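Step one of this worksheet: look at the structure below.
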Amino acid sequence: MPREGSAPRSVRLGTWPTALEPMPRLARALGLGEDDLWIKRDDLTGLGGGGNKVRKLEWTCGAALADGATVLVTTGAPQSNHARLTAAAAARLGLDVVLVLAGSPGSSRSGNLALDGLFGARVRWAGPADDQALGAIADEVAEELRQRGVVPAVIPFGGSSVLGARGYAECGRELLDQKPDLATVVVAVGSGGTMAGLVDALGSARVLGVHCGAIADPARKVSELASGLSGLPDAPQELRLRLDQVGDGYGALTEQTMAALTLAARTEGIVLDPIYTGRAMAGLIAAVKDGEIVPGQPTVFLHSGGMPGLFGHAATLETAEAALTAFDVDALADRPARTVG
Ligand SMILES: Cc1ncc(COP(=O)(O)O)c(C=O)c1O
């Protein structure tokens, strides 16, 4: 079922367009004007708990089906949102799925892994491995399948091929229809395809990426993908990329991330995750503090999903649960009146 009006290899998996909503209370809390801050709800993309990977999977799964594949093979961290959504896409399309995950059984629990199980994924644990090593094992798995007469399709780490990134070029165009005057869109950078697609549609000056520590050289990866999308291999890319939110590494919860998670939850009722969207919001807050984002210029926060990852992240759960406050009538009686709306 190709999508009308787009290249024939795209298959429909999500619910489009996603909403663009204002965030007036968070804007005020950051010292911005009430109309300055918006959220693009790519956490609500429909399939399998939602998230940014659905837009990429529409393209990569479309190609897999066109090639006659019956098994999807992909890679990720144990709490990979991309792996979870690949498993959901496989279920939706009637395909089998193998997830090559870093780590070993028991190294992570709940969250995305529990959903992987529900979607019927088969896991090949890879031990300690980076994205490159995981990719090599995925190729081995695919070869084993081919030798037994099965047609696999390897979907790259994070879904970030030039083909997958097309989904975010589409998102960028959708965003321009919804907010033609947008000055900056802030986005988490994992494997780079989401930022690359937005850069293709909006230009690099309007996209602020926040590196989350998933890959070694995000600038190079985003530039390569953006060049691939534009068809101009040598085009210089002046990327806006913040590298200041990684902290102790990809899986570690930073203080700034926890503060951002808490602020978004308490001002807007929005749930972010500790690895991607929480870091992106921390980057947005830092950009307001250092004057990179200023009042009067519409800023869009791209909510790329990831909520299941919160439930697979022990440190975040502990901190959030510790913030539960016991009822105390004096504390509520002494509070100044709160504005509504
Ligand atoms: C919730 C979430 N947000 C953002 C990203 C980053 O997207 P990309 O891998 O395209 O850079 C990912 C993926 O890794 C993700 O799972």
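All ligand and atom numbering here is 1-based and tracks the order in the structure. Atom set for the values below is all heavy atoms of this structure, side chains included, hydrogens, waters and symmetry mates excluded. These numbers were taken from a predicted model, which means no experiment stands behind them.
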What does the contact table look like for ligand 1 (nitrogen or oxygen on each side, cut-off under 3.5 Å)?
from     : atom 1 : to   : atom 2 : distance (Å)
ligand 1 : 3 (N)  : S304 : OG     : 2.7
ligand 1 : 7 (O)  : N52  : ND2    : 3.1
ligand 1 : 7 (O)  : K53  : NZ     : 3.4
ligand 1 : 7 (O)  : T194 : OG1    : 3.3
ligand 1 : 9 (O)  : K53  : NZ     : 2.7
ligand 1 : 9 (O)  : S191 : N      : 2.7
ligand 1 : 9 (O)  : S191 : OG     : 2.5
ligand 1 : 10 (O) : K56  : NZ     : 2.5
ligand 1 : 10 (O) : G193 : N      : 3.3
ligand 1 : 10 (O) : T194 : N      : 2.9
ligand 1 : 10 (O) : T194 : OG1    : 2.6
ligand 1 : 11 (O) : G190 : N      : 2.7
ligand 1 : 11 (O) : S191 : N      : 3.1
ligand 1 : 11 (O) : G192 : N      : 2.8
ligand 1 : 14 (O) : K53  : NZ     : 3.1
ligand 1 : 14 (O) : Y276 : OH     : 3.1
ligand 1 : 16 (O) : N81  : ND2    : 2.9

Can you see which heavy atom on [X] is nearest to which on [Y], and at what distance?
{"X": "A169", "Y": "D200", "value": "CB-OD2, 3.7 Å"}
{"X": "C61", "Y": "V11", "value": "CB-CG1, 4.0 Å"}
{"X": "I215", "Y": "H211", "value": "O-CE1, 3.3 Å"}

- Query: K40 and side-chain hydrogen bond (donor to acceptor under 3.5 Å, both in side chains): which partner among E21, H303, E174?
  - Reply: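 Output: one option passes, namely E174.
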
The single option from R240, Q297, R206, E292 passing side-chain hydrogen bond (donor to acceptor under 3.5 Å, both in side chains) against T184: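 Testing each of R240, Q297, R206, E292 against T184, the sole residue satisfying side-chain hydrogen bond (donor to acceptor under 3.5 Å, both in side chains) is R240.
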
_Are more than 12 heavy atoms, taken from residues, nucleotides or ligands other than D248, located less than 6.0 Å from that residue's CG atom?_
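12 or below, so no.
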
